[in-house]
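Data first, discussion second: the structure below is written as structure tokens.
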Amino acid sequence: MSMTQATARHILVDSEAKCEELKKEIEGGKDFADVAKQHSSCPSGRNGGDLGSFGPGQMVPEFDKVVFSGEINKVLGPVKTQFGYHLLEITSRG
């Protein structure tokens with residue numbers, strides 16, 4: 001039996017306020033990948049925040065919960081984890 005896989009991208013910042021601000025920018029038409037490159041403190045920011053493909057349990061629980069239940073192609077967050085605050089976008093799931 002194959003596990004569900006998802007692909008997602010995210011932006012990691014150190015405050016909820018910063019997350020909210022960036023979310024507004026993206027919803028206002030800024031490109032998610034560009035915002036990730038400029039602001040994300042995660043190494044994935046260089047790739048526009050792309051986390052590639054992963055299954056349940058491969059990411060921290062808070063992240064997992066959103067990725068495997070949230071709406072696809074919508075900016076979700078802020079999601080707080082031990083790393084900081086994330087905005088995330090699920091690009092596919094199946």
Side-chain angles (χ1 to χ4, degrees):
M1 183 183 133
S2 69
M3 296 286 272
T4 300
Q5 290 281 310
T7 56
R9 50 190 186 168
H10 82 136
I11 297 168
L12 175 62
V13 293
D14 57 8
S15 77
E16 196 166 358
K18 185 73 178 166
C19 245
E20 295 288 6
E21 187 188 313
L22 296 177
K23 186 176 188 176
K24 283 193 182 79
E25 288 186 11
I26 296 164
E27 286 171 343
K30 275 208 170 165
D31 183 64
F32 192 102
D34 289 345
V35 175
K37 282 178 187 141
Q38 285 174 336
H39 299 282
S40 185
S41 60
C42 179
S44 68
R46 288 194 298 269
N47 304 322
D50 191 5
L51 294 168
S53 174
F54 52 91
Q58 287 182 261
M59 298 286 172
V60 290
E62 303 91 332
F63 211 83
D64 242 30
K65 199 172 86 184
V66 177
V67 169
F68 291 100
S69 66
E71 201 176 320
I72 296 178
N73 295 324
K74 185 174 191 278
V75 183
L76 307 169
V79 178
K80 187 181 191 299
T81 70
Q82 77 251 40
F83 303 108
Y85 294 85
H86 308 256
L87 285 180
L88 64 107
E89 184 186 54
I90 308 151
T91 45
S92 73
R93 188 172 59 217

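Two different hydrophobic clusters hold L87 and L76 under the rule that ILVMFWY side chains link at heavy-atom gaps under 4.5 Å. The cluster map of Ile, Leu, Val, Met, Phe, Trp and Tyr, joined by side-chain heavy atoms under 4.5 Å apart, puts V66 and Y85 in different clusters. Residues F83 and I11 do not share a hydrophobic cluster, clusters being chains of Ile/Leu/Val/Met/Phe/Trp/Tyr side chains in contact below 4.5 Å. Follow the hydrophobic side-chain contacts under 4.5 Å out from F63 and you never reach V75; the two are in separate clusters.
Considering NE2 of H86 and SG of C42, their distance stands at 8.0 Å, rounded to 0.5 Å. Atom CG of L51 and atom OG1 of T91 lie 9.0 Å apart (nearest 0.5 Å).
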Apply side chain to side chain contact (heavy atoms under 4.5 Å, CB included) to R93 and T4, showing your working. CA-CA 7 Å; R93 188 172 59 217; T4 300; 3.8 Å; yes
Kindly indicate, with the supporting measurements, whether the criterion side chain to side chain contact (heavy atoms under 4.5 Å, CB included) is fulfilled by Q82 and V60. CA-CA 9 Å; Q82 77 251 40; V60 290; 3.5 Å; yes
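The two residues V79 and L88 make their nearest non-hydrogen contact at CG2-CD2, 4.0 Å. Scanning all heavy atoms of the two residues, the minimum distance from G45 to K37 falls at O-CG, 3.2 Å. Taking each heavy atom of F68 and A6 in turn, the nearest pair found is CE2-CB, 3.7 Å. Scanning all heavy atoms of the two residues, the minimum distance from E16 to P78 falls at CG-CG, 3.8 Å.
Pairs passing the side-chain hydrogen bond (donor to acceptor under 3.5 Å, both in side chains) check and including a residue from residues 38-51, sequence neighbours excluded, read H10-S44.
In this structure, K24 has no salt bridge (Lys or Arg N to Asp or Glu O under 4.0 Å) partners at least two apart in sequence or on a different chain. Under the salt bridge (Lys or Arg N to Asp or Glu O under 4.0 Å) criterion, K18 pairs with E21, not counting sequence neighbours.
In this structure a side-chain-to-backbone donor-acceptor pair under 3.5 Å is missing from D14 to G84. Side chain of K23 to main chain of G77: a donor-acceptor pair is present (N/O by atom type, distance under 3.5 Å, no hydrogens or angles). Distance alone, capped at 3.5 Å, is enough to place a donor-acceptor pair between the T7 side chain and the S92 backbone.
No donor-acceptor contact under 3.5 angstrom links the side chains of T81 and E62, judged on distance only.
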